[in-house]
Amino acid sequence: MTLHIRVIAPDRTVWDASAEEVILPSSTGQLGILTGHIPLLTALDIGVMRVRIEKEWIPIVLLGGFAEVDNNQITILVNGAEEAADIDPEMAQRSLEEASSLFAEAASSKEKIEATQNIRKARARLQALATISV
């Protein structure tokens, strides 16, 4: 038995496939889902979702949203998502450096919050890249 996972961003369906296991970046920590999981609705944080298909783990960066688990179906609605294979390592590192610099220069609370969100996104991209290079 498998899970059917759909990741839907505002502009496209990012992922639509079956898997044996998924680990979600829930707002309260990492959340593992296997077949037969009880129904669940959870908020998602910026982070890396890991999907296990057979023995391979596939990382996907999620940029916040919600996940619903019901009857081995997982529907994930996100603000944005990126498959690790589509991420440019140099650009991800540069984004982290730029966001860190903007945070250091931020004068207002709003600028600090925006820079912090950009730092978290860049770190999630780098974490996903580290997962596929293992």
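Nothing fancy with the numbering, it's 1 onward along the sequence. Since the structure is predicted, the reported quantities are computational estimates derived from the model, not experimental observations.
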Of all heavy-atom pairs between Ala124 and Val48, which one has the smallest distance, and what is that distance? O-CG2, 3.3 Å
Kindly indicate whether the side chain of Leu3, heavy atoms from C-beta on, has any atom under 4.5 Å from the side chain of Ile33. yes
As a quick check of understanding, evaluate side-chain contact (heavy atoms from CB on, under 4.5 Å) for Leu40 and Asp70, giving each step before the final call. CA-CA 7 Å; Leu40 171 74; Asp70 190 24; over 6 Å; no
Which heavy atom of Ala92 sits nearest a heavy atom of Ala122, and at what distance? O-CB, 4.1 Å
For residues Glu111 and Ala107, report the shortest heavy-atom separation together with the two atoms involved. OE1-N, 2.7 Å
Going hydrophobic residue to hydrophobic residue with side-chain gaps under 4.5 angstrom, can you get from Ile46 over to Leu44? no
Spell out, yes or no, whether Ile5 and Ile8 are grouped together once hydrophobic residues are joined by side-chain heavy atoms under 4.5 Å, including indirect joins. no
Nearest non-hydrogen partners of Ala115 and Ala99, listed with the distance: CB-O, 3.9 Å
One should read off an interatomic distance between Thr116 OG1 and Leu102 CG, to the nearest 0.5 angstrom, of 11.0 Å
Do Leu63 and Ile87 belong to the same hydrophobic cluster, where Ile, Leu, Val, Met, Phe, Trp and Tyr are linked whenever their side-chain heavy atoms lie under 4.5 Å apart, directly or via other members? yes
Could you work out, with salt bridge (Lys or Arg N to Asp or Glu O under 4.0 Å) as the rule, every residue matching Arg52, not counting sequence neighbours? Glu21
Could you tell me whether the side chain of Gln93 reaches within less than 4.5 Å of the side chain of Leu126, counting heavy atoms only? yes
Compare all side-chain heavy atoms of Pro59 with those of Met49 and state whether any distance is below 4.5 angstrom. no
When you compare the side chain of Leu62 with that of Val7, does any pair of heavy atoms fall below 4.5 Å? yes
Does the side chain of Arg6 come within less than 4.5 Å of Thr13's, by heavy atoms? yes
Taking all atoms of both residues into account, what is the closest heavy-atom pair of Phe66 and Ala43, and its distance? CD2-CA, 3.8 Å
Please tell me if the side chains of Leu96 and Arg123 come closer than 4.5 Å, counting only heavy atoms from C-beta onward. yes
Are the side chain of Asn71 and the backbone of Gln73 linked by a donor-acceptor contact shorter than 3.5 Å? no
Can you find a side-chain donor-acceptor pair between His4 and Asp16 that sits under 3.5 Å? yes
Heavy-atom side-chain proximity of Ile74 to Glu68 below 4.5 angstrom: no
Between Asn72 and Met1, does the side-chain contact (heavy atoms from CB on, under 4.5 Å) criterion hold? Intermediate values first, please. CA-CA 9 Å; Asn72 294 323; Met1 189 176 266; 3.1 Å; yes
Which heavy-atom pair separates Ala9 from Val14 by the least distance, and what is that distance? CB-CG2, 3.9 Å
Under the criterion side-chain contact (heavy atoms from CB on, under 4.5 Å), I'd like the reasoning laid out for Asn118 against Ser95: C-alpha separation, chi angles, the key distance, then a yes or no. CA-CA 8 Å; Asn118 289 333; Ser95 293; over 6 Å; no
For the side chain of Thr131 and the backbone of Gln127, is there at least one donor-acceptor N/O pair under 3.5 Å apart? yes
Do Trp57 and Leu31 land in one hydrophobic cluster if side-chain heavy atoms of ILVMFWY residues count as linked below 4.5 Å? no
Are Leu129 and Trp15 connected into the same hydrophobic cluster when the rule is that any two of I, L, V, M, F, W, Y join if their side-chain heavy atoms are below 4.5 Å apart? no
Salt bridge Asp45-Arg120, side-chain N to carboxylate O under 4.0 Å: yes
I'd like to know if the side chain of Ser101 reaches the main chain of Glu97, judged simply by a donor and an acceptor atom lying under 3.5 Å from each other, with no hydrogens or angles considered. no
How about Glu20 and Val51: do any of their side-chain heavy atoms sit closer than 4.5 Å? no
For Thr28, which residues count as a side chain to side chain donor-acceptor pair (under 3.5 Å) partner, sequence neighbours excluded? Ser26
If only atom types and distance count, is the side chain of Gln117 paired as donor or acceptor with the main-chain N or O of Glu114 below 3.5 Å? no
Here the gap from Ile23 atom CD1 to Leu34 atom CG, rounded to the nearest 0.5 Å, amounts to 9.0 Å
